Number of protein chains: 2
Amino acid sequence: MGSGKPTIDDVAALAGVARVTVSRVLNGGPNVSDKVRQAVLAAVEKLQYKVNVQARSLAGGKSRVLGLIYSSDVETEPNSFYYSAIELGALRACSQVGFQLGTHAVNQHSLRKADLVMEIIRSRRYDGLILTPPFSDDAELLENIKAVRFPVVAVSAGRPAQSIVPSVSIDDEAAGYELTRHLLLLGHRRFAFIKGLEGHVSAEDRYLGFVRALEQAGIAPTSARVERGSFTFRSGIDIAARILNGSDRPTALICANDDMAVGALFTAHKMGLQLPRELSVVGFDDTPVSEIIWPPLTTIHQPLKTMGARAAEILFDTVSGEPPQPAEHGLANLVPHRLVIRESASSPSL
Amino acid sequence: MGSGKPTIDDVAALAGVARVTVSRVLNGGPNVSDKVRQAVLAAVEKLQYKVNVQARSLAGGKSRVLGLIYSSDVETEPNSFYYSAIELGALRACSQVGFQLGTHAVNQHSLRKADLVMEIIRSRRYDGLILTPPFSDDAELLENIKAVRFPVVAVSAGRPAQSIVPSVSIDDEAAGYELTRHLLLLGHRRFAFIKGLEGHVSAEDRYLGFVRALEQAGIAPTSARVERGSFTFRSGIDIAARILNGSDRPTALICANDDMAVGALFTAHKMGLQLPRELSVVGFDDTPVSEIIWPPLTTIHQPLKTMGARAAEILFDTVSGEPPQPAEHGLANLVPHRLVIRESASSPSL
DNA sequence: GACGCATATGGAAGCGCTTCCAGAGCGATC
DNA sequence: GATCGCTCTGGAAGCGCTTCCATATGCGTC
């Protein structure tokens, strides 16, 4: 001692207590008299002591690190805001309680993607894992994780996944319904819908809400042109071109996420359409681009940061041995979404 | 053994060698016969053994974790792509060599921001730190870090910072020159320039390049309207409004980053200007928005991912005790930038 | 006054790995 | 054939912490 970083023993010596006692104070353990606690704290302060996290991890059997799994895909990278926001939220929650966050990009097209995730779990680096789409919708993977009793929470998972592991999401069906309703009230009758990649159940739920709104308004859902994109800006451009060049052009176009909506806007601009008079376009997510674009995008705001934070918090509880969520029910944490009305949707020109 | 995760001792036992030998094989140590190496590897494979990283960290005195410091500022958050890209690059480099990456958002307006960074260093959680602007330009902080001999690399640091610690950046002055040159060749003569926040030296260098190009073309730099923004979309909107509403409107507007350029585009749209005929706007960074926006933005591409990866690699070398960069000189790693010509800049209407 | 039962403190044993140092084997050198 | 120096291998110590268990003290109960 003396030289190098101070250790717990230095603190114990200075405070005149045993090492265990220092440990107890540091970890908020019970049965420590106030006098001793003060002495220890004073010693910690004086020595500028910092626990050695690796030693703590080794001894305690917990790493105090959470992992975030997201899909790495060159294609979707512009879409990265979606993941960044979740990450930022989780990161903040983590640093508040002294946890770290490790992020892992996993290629979703890899045949071994589920194995890769299981390997991350086996590495024992993390106390818990936050899964984002499409991993959060992979029922088989989820079951595997559940089988080894590893703490996990699925973000934006669809209904089926929600019944397997704890999750945090918005009510995508309701959001899709509200968005469509808004368009309906604006006077639209001819719709087109660009879905996202298959397997993203929550995005699919948005379509379900769309269908419900249409039916309720007495419009046959089959009258709407429905295509499937890949969540990317480019796919939005291409599909919008197909849709808008066709006969009987719709007056309103709903996209399963903002990036595709922005792509659609791009195509519309290229075609020289007057926006939003000749075409209303709406998106989903409320990523930063939506208010930057011209015209600013009407969309559904998803509180991604909050969702990331909630996910981390659920994990903290699980890790520290809290009673697992009140069974079946509390398993799915719903956070509120919000319809954000901007200028990309208006009444159709008659 | 038997139950629980296999440890290095289990592997040693199965391979019929000592624990040290296994350690040597795992870490690529010297002096291991081929026969023994094979036996160990086979045992590792059979047992599905994974090293326990916390034990390794504790014993080895190295955490094998790199830290990335970025500025958290509610204002600049839409700008987060800039940081995300650097992070992604660093992350990939890290996972290739079995390192982890921890990210830390530090409020740049906090009075204790330098202290906060020093505290992160003292936590001993990281083997090295990657600093992004504006931290990478904080000479005092850099000197402090250098004084405790902690491995660090500054990303996008300005000239002064580059002489203190290893850094990776593009040649911002040259980039600013090229961009201006492009506009000049297009026929522009009346310019405006929106700078970024003070203290971001590299962004300031872009302006210096602009001045040099103007002088070379025989145009007085003082003839250009110069304002200072804060890198945000909103500041781009506001400042562009001031500039474009003034008399003697410029035909070309150069912005120190893409977000402000996009803001300027937004204002121009609002004013009903024909783009790019009536106004050319160029940005800097080539973030994803620049190709999404209408009209697509002419800008300077910064290889952010590469820069993040390079930064991590420099740290790997430093951490594993490689000879520190060949003195003064190699300290600054320059990576190539690229002028990306899209449609937001054209010849001015005469 | 002996007993029980909380509350407070400490001793010792490890967590799973790496590093330091010692030793064994063996061909080359004089 | 003794000495050197090389390559390969292992024993032991210990990184800095937490956990388990034992012990000491105080106080109410019969």
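Remember, predicted model here, so these are calculated numbers, not experimental data. The sequence lines fix the lettering, A, B, ..., with proteins before strands; numbering per chain opens at 1.
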Whole angstroms only, please: what is the [atom1]-[atom2] distance between [X] and [N]?
| X | N | atom1 | atom2 | result |
| --- | --- | --- | --- | --- |
| B:Leu58 | C:dC15 | CG | P | 13 Å |
| B:Leu47 | C:dG16 | CG | P | 14 Å |
| B:Asn27 | C:dT19 | CG | P | 7 Å |
| B:Asn52 | C:dT18 | CG | P | 10 Å |
| B:Asp9 | C:dC17 | CG | P | 7 Å |
| B:Lys62 | C:dT18 | NZ | P | 13 Å |
| A:Asp127 | D:dT18 | CG | P | 14 Å |
| B:Gln54 | C:dG16 | CD | P | 10 Å |

Point to revise | B:Arg19/B:Asp9 ion pair, N-O < 4.0 Å | key: yes

Review point. Can we say B:Arg310 and B:Glu313 salt-bridge, meaning some charged N sits less than 4.0 Å from an Asp/Glu carboxylate O?
Key: yes

Practice item. Treat primed atoms plus P, OP1 and OP2 as sugar-phosphate and everything else as base, then score nucleotides 4-11 of chain C 5' to 3': B for base contact with protein heavy atoms under 4.0 Å, S for sugar-phosphate contact only, - for none. Key: ---SBBBB

**Study point:** B:Asp138 and B:Leu142, any side-chain heavy atoms less than 4.5 Å apart
**Key:** no

Is a side-chain N or O of [X] found less than 3.5 angstrom from the main chain of [Y], in a donor-acceptor match?
| X | Y | result |
| --- | --- | --- |
| A:Thr132 | A:Ile69 | yes |
| A:Gln54 | B:Ser63 | no |
| B:Thr21 | B:Val17 | no |
| B:Gln100 | B:Arg64 | no |
| A:Asn27 | A:Ser23 | yes |

Review point. Looking at D:dT19, C:dG16, C:dC17, which one has an atom nearest to any side-chain atom of A:Ser23?
Key: D:dT19

Point to revise | Bend angle of the helix from C:dG1-D:dC30 to C:dC30-D:dG1, from helix axes over five pairs at each end, nearest 10° | key: 50°

Practice item. Apply the test ring-ring contact (aromatic ring centres under 6.0 Å, His included) to residues B:Tyr126 and B:His104: give CA-CA distance (whole Å), side-chain angles for both, the deciding distance (0.1 Å), then the verdict. Key: CA-CA 11 Å; B:Tyr126 303 112; B:His104 272 270; 5.6 Å; yes

